[in-house]
Novice: 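Take a look at the following structure, please.
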Amino acid sequence: MIKTELLKGLLRENGDTYKDYAEIIGKTVTCLQGRLKGKTQFTWEELAKTKAHYNLSDERFLAIFFSK
């Protein structure tokens, strides 16, 4: 389960908006919002793009996207 607050914090730390992040993962803002609300899931490709773009450690990546 995604920790939206941690993801939002990551975006704030990097000065990114939802629009910026949507472009990073190759989606629209509407699509991104669906993922943040849990209506749809992030794909492995989107997760990989996020990890690479923000140079996330495995620990932080798992905390954001795979915490209970």
Novice: Just by modelled atom types, is the Leu10 backbone N or O under 3.5 Å from a matching donor or acceptor in the Asn14 side chain?
Specialist: yes

Novice: Atom CD of residue position Glu13 - does it have more than 12 heavy atoms of other residues, nucleotides or ligands inside 6.0 Å?
Specialist: yes

Novice: Please round to the nearest 0.5 Å and tell me the distance separating atom CG of Asn55 and atom CZ of Phe61.
Specialist: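 Interatomic distance, Asn55 CG to Phe61 CZ, rounded to 0.5 Å: 13.0 Å.
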
Novice: Once rounded to the nearest 0.5 Å, what's the spacing between atom NZ of Lys49 and atom OH of Tyr54?
Specialist: 13.0 Å

Novice: Can you tell me if Gln33 has over 12 outside heavy atoms packed within less than 6.0 Å of its CD?
Specialist: yes

Novice: Could you walk me through whether Asp20 and Thr17 pass the side chain to side chain contact (heavy atoms under 4.5 Å, CB included) test, one step at a time?
Specialist: CA-CA 5 Å; Asp20 297 326; Thr17 63; 3.1 Å; yes

Novice: Assigning hydrophobic clusters by single linkage (Ile, Leu, Val, Met, Phe, Trp, Tyr; side-chain heavy-atom cutoff under 4.5 Å), is Leu36 placed with Met1?
Specialist: no

Novice: Are Leu32 and Lys19 close enough that some pair of their side-chain heavy atoms sits under 4.5 Å apart?
Specialist: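 They are not in side-chain contact.
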
Novice: What pairs meet the side chain to side chain donor-acceptor pair (under 3.5 Å) rule with one or both residues in residues 21-32, with sequence neighbours excluded?
Specialist: Tyr21-Thr50

Novice: Residues two or more places apart in sequence or in another chain: which of them pass side chain to side chain donor-acceptor pair (under 3.5 Å) with Glu59?
Specialist: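 Not a single residue meets the side chain to side chain donor-acceptor pair (under 3.5 Å) criterion with Glu59.
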
Novice: Is there side-chain contact between Leu47 and Ile25, with at least one heavy-atom pair below 4.5 Å?
Specialist: no

Novice: Can you tell me how far CD of Glu46 sits from SG of Cys31, rounded to the nearest 0.5 angstrom?
Specialist: 6.0 Å

Novice: Show the nearest heavy-atom pair for residues Ser67 and Lys3, with the distance to one decimal.
Specialist: CB-CE, 3.4 Å

Novice: side-chain contact (heavy atoms from CB on, under 4.5 Å) with Glu5: which residues, sequence neighbours excluded?
Specialist: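 Testing Glu5 for side-chain contact (heavy atoms from CB on, under 4.5 Å), a comparison that skips the adjacent residues, returns Lys8.
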
Novice: Start with the C-alpha gap between Asp16 and Ile24, add the side-chain angles, then the distance that decides, and say whether side chain to side chain contact (heavy atoms under 4.5 Å, CB included) holds.
Specialist: CA-CA 10 Å; Asp16 287 339; Ile24 290 164; 3.9 Å; yes

Novice: Below 4.5 Å, heavy atoms only, C-beta onward: do Arg35 and Ile2 meet side chain to side chain?
Specialist: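 No, side chains not in contact.
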
Novice: Find the distance between CG (Leu7) and CZ (Phe42) and round it off to the nearest 0.5 Å.
Specialist: 5.5 Å

